[in-house]
*Asks:* 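My questions will all concern the structure given below.
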Amino acid sequence: MSDPDVLVVGAGPIGLTAAIELRRRGVDCRIVDPLLEPPRYAKAVGVQPRTLEVFEAMGVLRPILDAAIRMRGQIVYVNGAEQMRLELSLPPDVPFGFVGIPQYETERVLAERLRSLGTRVERGTRLTSFEQDHDGVTAVLTGPDGDETVRAQYLAGCDGAHSVVRKTLGLTFEGAAFTEQYMLGDVEVDWSQPHGWGIRSMHVTDGVTDDLLVCIPLPGRRRYRMSMLVPDELAAGTASADNVEHGFEGGRKPELHHIQAVLDRLSPEPVRASNLRWSSVFKINHRIVDSYGRGRVFVAGDAAHIHPPTGAQGMNTGIQDAHNLAWKLALAVAGVGAPGLTDTYDAERRPVGEEVVGRTVRSAREGIGAGETDPGYVIRREAQLLIRYADSPLVAGDDDGSSAAPGSRAPDARGLTRDAVSFPFRLFTLLGGERHTLVLYADRSVGPEELAHLEAVAAAAAAAAHGHLDTYLVASPEAAVDDTVLPLVRDRDGEFAQAYGMSGHSSVFVVRPDGYLGFRQGEPDADGVTTYLKSTFS
């Protein structure tokens with residue numbers, strides 16, 4: 001085996017995402033996992049709209065949707081009576097909704113995509129130890145053929161709640177544990193609840209929830225991943241050595257009659273459970289590291305943050321950790337990343353992790369959106385569409401208060417056209433996610449002199465990014481710019497102008513590989529754009 005540019009430890013959804021994003025950019029990586037076979041249980045089952053946008057860029061959207069079910073909303077019952085019905089509806093500017101898919105199916109799709117890029121997971125291989133210096137990381141791997149010493153430029157720890165990488169790096173993992181224990185079961189039920197809707201049923205005494213049933217729809221007929229409080233006879237044992245009790249416990253597994261007993265108490269209608277595919281007792285901690293990385297070693301996903309599964313935030317947050325980290329590592333490996341570029345991973349993602357940990361703890365106690373008055377805001381937040389990096393050193397430019405502010409998710413826009421394309425398309429189809437994208441806008445008033453200026457801005461930006469930059473000129477239908485040397489896209493329906501708050505006759509945007517707006521300028525000039533790009537490129 002070779003010494004890779006990046007060693008990825010852990011082959012769950014987070015490690016697979018990191019490896020795919022590195023390989024898409026031509027980075028040589030190895031990915032190892034101690035398990036001989038991937039687990040076959042429905043652990044994380046919810047995929048958020050923002051993650052589907054990431055999956056589209058990664059080239060796995062179609063098989064993910066093929067294996068998923070649309071999640072349409074949640075019905076909340078308290079003491080047998082319906083209290084709330086929250087529909088998971090999003091405005092038309094958001095291309096995807098919420099879906100449910102068993103984690104093993106997500107991992108299958110990601111592993112197949114990674115194999116198509118020429119890399120396979122090295123199973124039965126664990127990270128035993130590592131040391132880092134100024135130039136790289138030396139790791140010892142233990143596999144079927146014994147120990148192997150590997151030298152890599154960087155190491156990404158995606159190895160879960162009991163992360164060897166986190167422990168070896170000496171990161172703290174502060175937080176606490178839920179006293180309650182839960183049991184999970186993947187079952188089918190013969191009820192009449194609406195297709196694609198989640199069910200949350202609680203028994204409340206004197207304002208305190210003392211019994212709970214949460215049912216998340218899965219692909220199949222009336223199939224759900226159910227979670228509920230565990231009976232005393234199944235309660236798991238004492239704390240683990242590192243005091244992080246989070247995830248599945250290996251003791252007694254719930255049987256069908258345990259789940260049926262809870263359904264008898266809390267189901268909104270008489271129901272019979274059947275076809276128990278998998279079950280487990282589950283413990284919950286809420287913890288976060290003091291840093292997402294040190295030197296050339298980083299942690300992502302459960303290795304960096306653990307919390308209640310409420311709202312399906314964990315896997316989605318981890319996937320976006322990996323998505324953020326990988327493009328920065330790729331530029332560093334290529335030798336074109338600015339000094340300190342990889343340090344921005346912690347600066348951008350740890351505040352997100354802190355917010356998610358706090359919010360999911362509250363939601364586990366009170367329910368998603370409890371006490372909030374704007375359902376639309378709650379849904380967009382849970383969809384992870386409102387994450388912003390406004391304080392990041394990789395964000396600059398004009399903030400006009402619109403949805404297209406620097407540091408925010410770049411909005412999509414429909415109704416775009418270009419020569420030789422028969423049908424209108426979306427902006428996101430141009431943002432492939434491998435490189436930065438420079439988007440210049442021109443309205444009807446732009447003439448030959450200003451067009452030449454925009455082309456000069458584009459040339460300066462390409463040089464500053466060492467060629468790691470795609471460029472498009474988006475123009476209003478009436479703009480006389482047909483003779484531009486830039487790839488030309490027409491904003492036929494005006495959705496780009498609306499989504500990006502166009503008020504002047506021209507503007508420039510830099511969209512990062514992770515789909516976030518890094519820079520915005522209302523009066524484009526080469527110095528402004530190149531100064532911004534120097535925060536990312538050497």
Side-chain angles (χ1 to χ4, degrees), residues 1-35 54 58 107 110-111 113-114 117 119-123 125-133 135-141 150-171 173 288-289 291-306 314-315 317-334 337 341-350 352-353 513-514:
M1 303 300 293
S2 63
D3 287 342
D5 295 323
V6 181
L7 175 63
V8 179
V9 180
I14 287 74
L16 290 167
T17 297
I20 291 168
E21 289 299 279
L22 290 165
R23 292 296 298 124
R24 283 209 305 147
R25 295 169 173 85
V27 176
D28 180 26
C29 74
R30 291 176 61 180
I31 177 170
V32 300
D33 194 284
L35 297 179
V54 170
M58 290 172 61
E107 292 179 2
L110 294 176
R113 173 65 170 137
L114 183 60
L117 296 168
T119 298
R120 291 178 177 269
V121 176
E122 298 174 41
R123 293 207 164 272
T125 302
R126 68 177 62 250
L127 175 70
T128 302
S129 64
F130 68 84
E131 295 180 346
Q132 64 172 313
D133 52 44
D135 298 318
V137 183
T138 301
V140 176
L141 304 178
V150 174
R151 180 71 175 173
Q153 292 191 47
Y154 297 95
L155 189 154
C158 308
D159 50 342
H162 301 279
S163 169
V164 172
V165 176
R166 183 188 66 240
K167 296 171 187 175
T168 306
L169 206 54
L171 303 176
F173 207 33
I288 190 164
V289 291
S291 175
Y292 274 31
R294 288 181 182 163
R296 291 174 170 266
V297 182
F298 308 89
V299 290
D302 282 0
H305 47 80
I306 55 176
M315 181 184 72
T317 300
I319 285 171
Q320 291 172 60
D321 289 342
H323 197 234
N324 183 290
L325 176 62
W327 70 263
K328 297 171 181 177
L329 289 179
L331 291 180
V333 167
L341 175 61
T342 57
D343 295 337
T344 67
Y345 169 61
D346 175 79
E348 292 185 344
R349 292 304 299 176
R350 189 153 55 96
V352 174
D514 55 4

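If you read the sequence from its start, that first residue is 1, and numbering goes on from there.
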*Asks:* How close do Gly301 and Asp321 get, heavy atom to heavy atom, and via which atoms?
*Replies:*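 In terms of heavy atoms, the two residues are closest at N-OD2, 3.1 Å.
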
*Asks:* Quick one: does Arg349's side chain have a donor or acceptor within less than 3.5 Å of a partner on Ala322's backbone?
*Replies:* no

*Asks:* Do the non-hydrogen side-chain atoms of Val299 and Leu171 ever get within less than 4.5 Å of each other?
*Replies:* yes

*Asks:* Walk me through it: do Val6 and Gln153 pass the test side-chain contact (heavy atoms from CB on, under 4.5 Å)?
*Replies:* CA-CA 6 Å; Val6 181; Gln153 292 191 47; 5.8 Å; no

*Asks:* Could you go through Leu141 and Val32, starting from their C-alpha distance and side-chain angles, then the distance that decides it, and tell me whether this counts as side-chain contact (heavy atoms from CB on, under 4.5 Å)?
*Replies:* CA-CA 9 Å; Leu141 304 178; Val32 300; 4.0 Å; yes

*Asks:* How long is the straight-line distance from CD1 of Ile319 back to CD1 of Ile14, given to the nearest 0.5 Å?
*Replies:* 5.5 Å

*Asks:* Can you name the nearest heavy-atom pair linking Asp514 to His323, along with the distance?
*Replies:*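 What the structure gives for the nearest pair is CA-CE1, 3.5 Å.
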
*Asks:* Around Arg126, counting heavy atoms of other residues, nucleotides and ligands shown, do more than 12 lie under 6.0 Å from its CZ?
*Replies:* no

*Asks:* I need the single residue from Asp343, Val333, Thr344 that forms a side chain to side chain contact (heavy atoms under 4.5 Å, CB included) with Lys328. Which is it?
*Replies:*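 Answer after filtering Asp343, Val333, Thr344: Thr344.
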
*Asks:* Check whether any side-chain heavy atom of Val8 lies under 4.5 Å from a side-chain heavy atom of Leu22, and answer yes or no.
*Replies:* yes

*Asks:* Any sub-3.5 Å donor-acceptor pair from Asp159's side-chain atoms to Val165's backbone N or O?
*Replies:* yes

*Asks:* Would you find a donor on one side and an acceptor on the other, under 3.5 Å apart, between the side chain of Gln132 and the backbone of Arg294?
*Replies:*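 Yes; at least one donor-acceptor contact below 3.5 Å.
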
*Asks:* With no hydrogens and no angle check, is any side-chain donor or acceptor of Arg30 less than 3.5 Å from a backbone partner on Ser2?
*Replies:*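 Judged by distance alone, yes, a pair lies under 3.5 Å.
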
*Asks:* Is the shortest side-chain heavy-atom distance between Tyr292 and Leu325 below 4.5 Å?
*Replies:* no

*Asks:* Is a donor on one side and an acceptor on the other found under 3.5 Å between the side chain of Asp346 and the backbone of Gly293?
*Replies:* no

*Asks:* Test Leu341 against Leu331 for side-chain contact (heavy atoms from CB on, under 4.5 Å), laying out the working first.
*Replies:* CA-CA 9 Å; Leu341 175 61; Leu331 291 180; 3.9 Å; yes

*Asks:* Return the set of residues passing salt bridge (charged side-chain N to carboxylate O under 4.0 Å, His left out) with Arg25 (not counting sequence neighbours), or none when no residue passes.
*Replies:* Glu21

*Asks:* Go through the steps to decide whether Arg24 and Arg113 satisfy the test side-chain contact (heavy atoms from CB on, under 4.5 Å), and finish with yes or no.
*Replies:* CA-CA 10 Å; Arg24 283 209 305 147; Arg113 173 65 170 137; 3.6 Å; yes

*Asks:* To the nearest 0.5 angstrom, please state how far the OG1 atom of Thr17 sits from the CG atom of Leu110.
*Replies:*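 Spacing of OG1 (Thr17) from CG (Leu110) equals 5.0 Å.
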
*Asks:* Taking all heavy atoms of Cys29 and all of Thr119, pick out the closest pair and write down the distance.
*Replies:*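 Distance-wise, the nearest heavy atoms are O-CG2, 4.0 Å.
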
*Asks:* Is there a donor-acceptor pair closer than 3.5 Å between any side-chain N or O of Arg166 and the backbone N or O of Ala303?
*Replies:*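 Judged by distance alone, yes, a pair lies under 3.5 Å.
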
*Asks:* Is there a side-chain contact between Leu155 and Arg296 in this structure, where contact means two heavy atoms from C-beta onward sitting under 4.5 Å apart?
*Replies:*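 Leu155 does not reach Arg296 side chain to side chain.
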
*Asks:* Taking only residues two or more places apart in sequence, or in another chain, which ones meet Asp5 in a salt bridge (charged side-chain N to carboxylate O under 4.0 Å, His left out)?
*Replies:*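 Salt bridge (charged side-chain N to carboxylate O under 4.0 Å, His left out) list for Asp5, sorted by chain: empty.
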
*Asks:* Decide salt bridge (Lys or Arg N to Asp or Glu O under 4.0 Å) for Asp133 and Arg151; before the verdict, give the C-alpha distance in whole Å, the side-chain angles of both, and the deciding distance to 0.1 Å.
*Replies:* CA-CA 11 Å; Asp133 52 44; Arg151 180 71 175 173; 2.9 Å; yes

*Asks:* Can you name the nearest heavy-atom pair linking Ala139 to Leu127, along with the distance?
*Replies:* CB-CD1, 3.7 Å

*Asks:* Return the orientation label for the Tyr345 and Phe298 ring planes: parallel under 30°, perpendicular over 60°, tilted otherwise.
*Replies:* perpendicular

*Asks:* Heavy atoms, side chains only, cut-off 4.5 Å: are Thr168 and Val297 in contact?
*Replies:* no

*Asks:* So Thr138 and Val150, do their side chains get closer than 4.5 Å, heavy atoms only?
*Replies:*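 Sidechains of Thr138 and Val150: no contact.
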
*Asks:* Please give me the minimum heavy-atom distance between Tyr154 and Ala332, naming the atom from each residue.
*Replies:* OH-CB, 3.4 Å

*Asks:* Are any of the side-chain heavy atoms of Val164 and Val9 separated by less than 4.5 Å?
*Replies:*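 With C-beta onward as the side chain, the pair stays apart.
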
